[in-house]
Engineer: 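One structure coming up, written as structure tokens, with questions to follow.
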Amino acid sequence: MVSRDTKTTAAFVVLAVILWIGASAITDNELVQWGVLIGVGLIAPLAVNEWRE
């Protein structure tokens with residue numbers, strides 16, 4: 001059985017990859033692209049999972 005935290009993280013990672021591809025199409029600034037990827041794929045799910053507990 002997959003935990004709720006893992007499902008949340010997986011959903012944010014998928015969203016982060018989609019947004020990263022979109023950011024790559026919009027801008028050539030790699031800092032923005034990495035910020036989207038790390039912010040949405042790593043920091044956001046950590047914050048949501050900690051907020052739930």
Engineer: Any chance you could measure Ile43, atom CD1, to Phe12, atom CZ, to the nearest 0.5 Å?
Structural biologist: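 Interatomic distance, Ile43 CD1 to Phe12 CZ, rounded to 0.5 Å: 12.0 Å.
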
Engineer: Which heavy atom in Lys7 sits nearest to a heavy atom in Val2, and how many Å separate them?
Structural biologist: CE-O, 3.7 Å

Engineer: For Val36 and Ala23, work out which heavy atoms get closest and say how close.
Structural biologist: CG2-CB, 4.5 Å

Engineer: Provide the closest heavy-atom pair for Gly41 versus Val13 in the form atom of the first, atom of the second, distance.
Structural biologist: O-CG2, 3.8 Å

Engineer: Let me confirm one number: the OG1-CG distance from Thr8 to Leu46, rounded to the nearest 0.5 Å.
Structural biologist: 11.0 Å

Engineer: Under the 4.5 Å side-chain heavy-atom rule for ILVMFWY, direct or indirect, which residues accompany Ile18?
Structural biologist: Val14

Engineer: Using side chain to side chain contact (heavy atoms under 4.5 Å, CB included) as the criterion, list what pairs up with Glu30, not counting sequence neighbours.
Structural biologist: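 Side chain to side chain contact (heavy atoms under 4.5 Å, CB included) list for Glu30, sorted by chain: Gln33, Trp34.
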
Engineer: Quick check against the 3.5 Å criterion: does Ser24 have a side-chain atom that pairs as donor or acceptor with the backbone of Trp20?
Structural biologist: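 Checked: pair present.
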
